[in-house]
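What follows is a short report on a single structure.
First listed ligand is number 1; within each ligand, the first listed atom is number 1.
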Amino acid sequence: MTRTLTIRRPDDWHLHLRDGAMLQSVLPETARHFARAIIMPNLVPPVVTAKDAAAYRDLILAALPDNADFTPLMTLYLTEGTDPADVAAAFADGLITAVKLYPAGATTNSASGVRDLNNARQVLEKMAEIGLPLCIHGEVTTHEVDIFDREQVFLETVLDPLRRDLPELRVTLEHITTAHGIDYVRDAPGDIAGTITTHHLMINRNHMLVGGIRPHYYCLPIVKRAEHQLALRKAATSGHPRFFLGTDSAPHLDGAKETACGCAGVFSAPNTMSCLAHVFEEAAALDQLEAFASLNGPARYGLAPNDATLTLEKRAEPVDYPRKYHTPDGPLTLFDPGHPLHWHILD
Ligand code: OTD
Ligand code: ZN
Ligand code: ZN
């Protein structure tokens, strides 16, 4: 039953690498399979200025294993104090690929995010003018709005008004988790695209909550109903150019996840490509995996697809992924797809 599939080397358009010992532990896992990744700026303190981004990029490059062929694509964390000139210069220098909007309080380390978009207006206008994409964590953070509705409400009350107001702004809606998000990104006029994570394709809220609470499936935006998972699968496997992979691999040590108030985030970098091959095969759409993981993202960001390739091979015996990774600060649990994965990645 051996079957092989060769695609252009994939990129990850939404990734958390952290810093320090965690960076050292997780970076080789991404660099093994991916040629490039958009690096999220939610460090403590966040990556806010061009100077911060240059320092973080150098830290990542220094942590790369010898012979790794990996380019970090840097982002800046938008705050209400961000200087439009600093952002524009960083883009002109090729230092940054996008700017990231976190509504304040929406996810891990987002306390310095934007409370009122009017206070970031000049930066957004500048970005629209120079064609610098804005990556958006699309959730409202108001207490009255149910956590499962926060993406849908964001589309209606924040994203759509913003895009009407600044139609030239290039927007990537990150980690889409609902059918509403899919419909918006597919059908809206203008310059918009969206990323989809590995775990939101593979699990829904039943996996997280039925039969016991599973902290390693807790992430933001939170996993939704099965019908939303199906809409994500349909969009990802359709090959539609507006949808592409952003794993949102977001490692936290087990101690921070398996506790009374656990951190949000799923660590999926090592087994993402095996998971995706599984999902695309289930949808009888293996021929669209390359579009989703390797072609649509670069096209969106005006970059050439990678020349190198990645070969996947389906074997009778499952891939033996470790359940845990060991970092100097403690164990880190790998995303559990809930079933064996048979697609091996040939390095
Ligand atoms: N979601 N965890 C994190 C970020 C993402 O919203 C996200 O991009 C994190 O730990 O940085 C998470 O659940
Ligand atoms: Zn996010
Ligand atoms: Zn993220």
TODO: Measure centre to centre between the rings of Phe34 and Phe70, then say whether the value is under 6.0 Å.
DONE: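 For Phe34 and Phe70, the ring centres are not under 6.0 Å apart.
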Basic-acidic side-chain contact under 4.0 Å: [X], [Y]:
{"X": "Asp52", "Y": "Arg57", "value": "no"}
{"X": "Arg8", "Y": "Asp307", "value": "yes"}
{"X": "Arg150", "Y": "Asp146", "value": "no"}

Task: Donor-acceptor contact below 3.5 Å, side chain Lys257 vs main chain Gly265 - done: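 Here the side-chain-to-backbone pair exists.
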Task: Contacts of Arg214 that satisfy side-chain contact (heavy atoms from CB on, under 4.5 Å) - sequence neighbours left out - done: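 Arg214 satisfies side-chain contact (heavy atoms from CB on, under 4.5 Å) with Tyr217 once adjacent residues are dropped.
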Open item on the list: Between Arg18 and His252, do the side chains contain a donor N or O and an acceptor N or O under 3.5 Å apart?
Closed with: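 Yes, Arg18 and His252 have a side-chain donor paired with an acceptor closer than 3.5 Å.
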TODO: Could you verify whether a donor N or O on one side chain and an acceptor N or O on the other, from Asp248 and His16, lie under 3.5 Å apart?
DONE: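 Asp248 vs His16: donor-acceptor pair found between side chains.
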Task: Residues in the immediate environment of ligand 1 (any heavy atom closer than 4.0 angstrom) - done: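 Only His14, His16, Arg18, Asn42, Thr107, Thr108, His137, His175, Cys219, Leu220, Asp248, Ala250, His252, Ala264, Gly265 have heavy atoms that fall under 4.0 Å of ligand 1, ordered by chain and number.
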- [ ] Around the Zn ion (ligand 3), list the protein N/O/S atoms within a radius below 2.8 Å, excluding water molecules.
- [x]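 N, O, S partners closer than 2.8 Å: His14 NE2, His16 NE2, Asp248 OD1.
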Task: Pairs satisfying ring pair (Phe, Tyr, Trp, His ring centres under 6.0 Å), at least one member in residues 274-318, at least two apart - done: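 Only Trp13-Tyr301, His278-His339, Phe280-Phe292 qualify under ring pair (Phe, Tyr, Trp, His ring centres under 6.0 Å).
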